[in-house]
Amino acid sequence: MAMAYDGAIQRLIDAFASLPGIGPKGAQRIAFYMLSASEEEAQRLADAVLDAKHNIRFCEICGNVCETSPCTICSDPRRDRSMICVVEEPKDVMSIERTREYRGLYHVLGGTINPMANIGPNDLSIPKLLDRLKDGSVKEVIVALNPNIEGEATTTYLSRLLTPLELKVTRLASGLPVGGDLEYADEITLSRALAGRRDV
């Protein structure tokens, strides 16, 4: 039977291991780093986590993370309000913003359709998106979801839903690896995918 650490150190390792993208060995490395860190550094980390939990919220308009709602993107009068880029998660907003190519608005779905995880269209912020399109000011919806099975299913669902609204519905051009995440795409690839977007 494999040995485990006792008490607080094991709880710390388990806490880091429960985070996405951190395996058991990485969690152990971080935990032992924190043991050797100064008390001030450990306190800064704890304070940053609690500060984020207390102060960060989701924008009432687009669903992006922010400290004041509406977020800085939705409240910026220089943004092109005739375009909405639909993304899966708030981190995807920042991926596209880093390209400096897109000047429209965003809509964060909060996930993708995934029957295996019991996530259907009603679990996403699709009704809120439809509300935003009612006044007719939006002329193009860019569907910028990850190129995986769930992203493709959600893109297909959205295109069927939006087609009767007589909007231009486009998606990012090819060039993004199938199964990849927008979060990990470099700025040049994302810029080209935005510039070469095609009809859904």
Side-chain angles (χ1 to χ4, degrees), residues 16-23 26 52 56-66 71-74 79-80 82-133 138-163 165 167-200:
F16 285 123
S18 69
L19 299 173
I22 299 179
I56 293 178
R57 64 200 70 202
F58 294 99
C59 175
E60 64 202 36
I61 297 172
C62 72
N64 193 14
V65 289
C66 58
C71 69
T72 55
I73 293 174
C74 287
R79 304 295 295 211
D80 181 351
S82 69
M83 300 169 73
I84 291 181
C85 182
V86 177
V87 296
E88 182 178 339
E89 300 290 346
K91 62 184 185 233
D92 299 325
V93 171
M94 292 316 300
S95 296
I96 293 175
E97 282 296 289
R98 278 196 308 268
T99 68
R100 302 178 195 271
E101 295 289 326
Y102 179 70
R103 297 297 305 156
L105 300 175
Y106 291 92
H107 188 82
V108 179
L109 290 178
T112 50
I113 295 170
N114 185 350
M116 299 297 285
N118 291 319
I119 300 172
N122 293 335
D123 300 309
L124 307 176
S125 67
I126 293 173
K128 206 170 207 180
L129 173 63
L130 296 177
D131 281 345
R132 293 179 70 187
L133 302 175
V138 176
K139 305 303 180 195
E140 181 180 2
V141 174
I142 304 166
V143 183
L145 303 179
N146 292 324
N148 53 28
I149 293 169
E150 295 81 12
E152 291 300 314
T154 309
T155 298
T156 301
Y157 179 83
L158 286 174
S159 71
R160 288 182 183 155
L161 201 62
L162 299 177
T163 299
L165 302 180
L167 292 164
K168 184 175 185 183
V169 182
T170 58
R171 65 184 307 169
L172 299 182
S174 57
L176 296 170
V178 173
D181 284 352
L182 295 184
E183 176 186 9
Y184 303 116
D186 63 90
E187 287 85 354
I188 295 171
T189 301
L190 262 179
S191 292
R192 289 181 178 157
L194 272 168
R197 60 186 183 274
R198 53 193 167 83
D199 292 341
V200 174

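Quantities reported herein were computed from a predicted structural model and do not represent experimental measurements. When reading the values below, keep in mind they use all heavy atoms of this one structure, side chains included, and skip hydrogens, waters and symmetry mates.
In this structure, Thr154 and Val86 have side chains that are not in contact, with every pair of non-hydrogen atoms separated by 4.5 Å or more. You'll find the side chain of Val138 stays beyond 4.5 Å of the side chain of Arg132, heavy atoms only. Under the 4.5 Å side-chain criterion, counting only non-hydrogen atoms from C-beta, Leu158 is in contact with Leu129. Between Glu60 and Cys74, the closest side-chain pair of non-hydrogen atoms is not below 4.5 Å. A heavy-atom distance below 4.5 Å is not found between the side chains of Ile61 and Cys71.
Of all the heavy atoms in Ser82 and Asp80, the pair that sits closest is OG-OD1, 2.6 Å. Contact detail for Pro90 and Asn64: the closest heavy-atom pair is CB-OD1, 3.5 Å. Shortest non-hydrogen contact noted between Arg79 and Ile73 is CG-O, 3.4 Å. Closest non-hydrogen pair, Ile96 versus Val87, comes out as CD1-CG1, 3.9 Å. Residue Asp123 comes nearest to Asn118 through the heavy atom pair OD2-O, 3.4 Å, listed as atom of the first residue, atom of the second, then distance.
Judged by distance alone, the side chain of His107 and the main-chain N or O of Lys128 form no donor-acceptor pair under 3.5 Å. Judged purely by atom type and a 3.5 angstrom limit, Thr99 has no side-chain atom pairing as donor or acceptor with the backbone of Ser95.
We find the NZ-CE distance between Lys91 and Met94 to be 13.5 Å, quoted to the nearest 0.5 Å. Note that the CG atom of Leu162 and the OG1 atom of Thr155 stand 10.5 Å from one another [nearest 0.5 Å]. Rounded to the nearest 0.5 Å, atoms CD1 (Ile142) and NZ (Lys168) are 9.0 Å apart. Rounding to the nearest 0.5 Å gives a distance of 11.0 Å between NZ of Lys139 and CG of Leu133.
Enclosure of atom CZ in Phe58 is not indicated, since only 12 or fewer non-hydrogen atoms of other residues, nucleotides or ligands lie within 6.0 angstrom. Under a cut-off of 6.0 angstrom, the local environment of CG in Leu165 is crowded, with over 12 non-hydrogen atoms contributed by other residues, nucleotides or ligands. In Arg103, the CZ atom is crowded: over 12 heavy atoms of neighbouring residues, nucleotides or ligands sit closer than 6.0 Å.
Applying side chain to side chain contact (heavy atoms under 4.5 Å, CB included) to Glu88 and the options Val108, Val93, Leu145, Leu109 leaves one that passes, Leu145. Just one of Glu150, Glu89, Glu152 meets the side chain to side chain contact (heavy atoms under 4.5 Å, CB included) condition when paired with Thr112; it is Glu150.
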